[in-house]
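Order of the sequence lines fixes the chain letters, A, B, ..., with proteins taken first and strands second; residue numbering starts at 1 for each chain. The structure presented is a predicted model; accordingly, all values stated were derived computationally and were not measured.
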Amino acid sequence: MEVKKISDYIWEIPTTEKEGMLVPARIYATEKLLREMDAGVFEQVTNVACLPGIQKYAYCMPDGHWGYGFPIGGVAAFSKEDGVISPGGIGFDINCGMRLIRTDLTVGEVRPRIRELVNLLFEIVPAGVGSKGFVKLSVEEFKQVMVRGVDWCIEKGYGWEEDRERIEENGCIEGADPSKISEKAISRGIAQLGTLGSGNHYLEIQIATPDKIFDRAAAKALGIFENQALVMVHCGSRGFGHQVATDYLRVFDAAMRKYGITVRDRELVCAPFNSPEGQDYFKAMKCAANAAFANRQVIVHRLRQGFSRIFGRKPEDMGMHIIYDVAHNVAKLEMHEVDGVEKELVVHRKGSTRCFGPGRREVPEIYRNIGQPVIVGGSMETGSYLLVGTEKAMKETFGSTMHGSGRTMSRTKAKHEVKGSELKKKMEEAGIIVKAVSNSGLAEEAGFAYKDISEVVETMELAGISRKVVELKPIGNIKG
DNA sequence: ATGTGC
């Protein structure tokens with residue numbers, strides 16, 4: 001495939017490369033990361049460029065890799081009037097996302113208690129496939145969670161009033177409609193509030209590395225200081241979102257025939273955004289997104305309790321404020337400029353993060369002059385980053401950046417490369433105390449199975465899309 | 001990612 005170099009960090013595949021491409025495809029990467037990308041990325045991103053109503057470019061971020069229909073690391077914006085919505089552009093785990101919680105504690109206070117802390121958090125935050133949460137809900141209450149998200153949690157005592165504004169969409173996307181949710185999705189999701197899940201989902205105790213605070217002013221505004229302990233949470237909507245995606249893939253199969261849409265790959269199944277089917281999925285997707293925000297909220301509530309038990313102080317006396325919460329698997333209606341005209345677009349981000357620049361009204365007032373916080377999770381061995389969005393991102397990528405490091409090795413291969421028990425020992429020697437539901441699950445997440453997070457983050461920094469604030473290093477990890 | 005294949 002012909003890949004044109006636009007800059008040191010942007011590569012373009014022209015519309016002449018594939019029949020039916022409506023816009024060019026753009027990949028953000030260094031030359032090295034581009035070379036390492038699997039062939040699936042090029043195939044998939046150019047397939048996406050063929051979807052009806054796509055605007056400007058089909059994008060892939062530097063952490064991109066092969067996914068269901070769309071690449072993971074993908075961004076695609078569609079016209080609200082004559083574009084589509086596609087579950088494959090959002091992902092099965094609807095509103096999979098990251099949340100970062102600060103503390104006033106230092107590494108000196110936390111490290112001596114880390115094993116105790118990891119053991120307790122593992123006990124009070126259920127993890128693993130099929131795990132059940134501690135919150136018992138009636139069907140009516142679960143529907144309230146779908147509609148009200150974090151607001152419901154705060155009302156029930158699972159959080160603080162201030163938490164709301166420190167979450168993308170304030171933890172509640174308007175317009176969720178539980179009548180668009182199947183019985184099966186309800187039965188899968190009803191007992192899962194406050195659970196971590198499995199795969200690459202985790203809860204991690206991290207330290208703000210002193211020589212890795214890149215922007216002092218932004219760090220201060222975000223409540224970051226040298227040697228500070230923080231907690232990062234990575235999880236989504238569990239079996240509930242998965243079932244919503246499954247349900248609507250089936251609905252959309254029929255809708256495609258009805259509306260005469262053809263796609264290059266069956267996994268790109270979609271429906272016109274304005275069709276009844278498209279709107280039903282959008283409303284159901286919002287239910288799952290709100291349930292995921294609520295899931296992370298209940299987890300935060302429990303980890304505040306856990307810290308309290310270990311350190312003998314109230315969470316509010318330890319400064320356990322949420323820094324921010326980002327969704328990296330979701331579609332949203334947003335205003336963006338296309339050919340000099342402000343338009344409302346259906347922006348799909350799948351394994352990519354919104355990174356709005358300073359001044360946008362969607363950015364919480366407390367952060368409005370530094371830009372939207374972006375939480376990027378690396379592998380459990382390497383570390384993570386807190387970034388902020390830029391004005392340039394608004395112009396170039398519909399205000400979007402990467403979401404993590406991105407896999408380079410299959411789960412199966414990773415498991416053959418290292419034994420979970422050995423990896424655990426190696427991590428503990430390196431100062432990371434880990435407690436996982438399964439050892440084989442741990443091996444799948446080994447650092448060598450992922451791209452170098454620093455290189456991925458640096459790419460978007462040099463491209464001017466997101467700016468580094470601080471690098472965070474793990475000292476404790478709880479894994480499903 | 002996922003009651004880890006329908």
Review point. When all nucleic acid strands are considered with a 4.0 Å heavy-atom cut-off, which category describes A:G197: base, sugar-phosphate, or nothing?
Key: sugar-phosphate
Point to revise | Nucleotide B:dG5, atom P - distance to CD of A:Q243 in whole Å | key: 15 Å
Exercise for review: Find out whether the Lys NZ or Arg CZ of A:R354 is both under 6.0 angstrom from the six-membered ring centre of A:F356 and within 45° of the ring's axis.
Suggested key: yes
Practice item. Please work out if A:K132 contacts a base, only the sugar-phosphate, or nothing of the nucleic acid, heavy-atom cut-off 4.0 Å. Key: nothing
Practice item. Take atom CG of A:L196 and atom C1' of B:dT2, then tell me their distance rounded to the nearest Å. Key: 14 Å
Point to revise | Salt-bridge contact A:K136-A:E141 (side-chain N to carboxylate O under 4.0 Å) | key: no
Review point. What is the nucleic acid contact for A:R407, judged by heavy atoms within less than 4.0 Å: base, sugar-phosphate only, or nothing?
Key: nothing
Exercise for review: Please name all residues satisfying side chain to side chain contact (heavy atoms under 4.5 Å, CB included) with A:S379, sequence neighbours left out, ordered by chain then number.
Suggested key: A:E381, A:T382, A:Y450
Check your understanding: For A:H201 and B:dT4, what is the distance between atoms NE2 and C1' respectively, to the nearest whole Å?
Key -> 14 Å
Revision key, fill the gap. Here the distance between atom P of B:dT2 and atom CZ of A:F240, to the nearest Å, is 14 Å
Review point. Between B:dT4 atom C1' and A:Y68 atom OH, what is the distance in whole Å?
Key: 16 Å
Exercise for review: Quick one: which residue pairs count as a ring pair (Phe, Tyr, Trp, His ring centres under 6.0 Å) with a foot in residues 174-207 of chain A, not counting sequence neighbours?
Suggested key: A:H201-A:H234, A:Y202-A:H234
Practice item. Look at all strands and tell whether A:Q192 reaches a base, only sugar-phosphate, or nothing, counting heavy atoms closer than 4.0 Å. Key: sugar-phosphate
Practice item. May I ask you to verify if any side-chain N or O of A:S198 is less than 4.0 angstrom from the OP1 or OP2 atom of B:dT4? Key: no
**Study point:** 5′-ward residue of the pair A:F92/A:V129 relative to DNA chain B
**Key:** A:F92
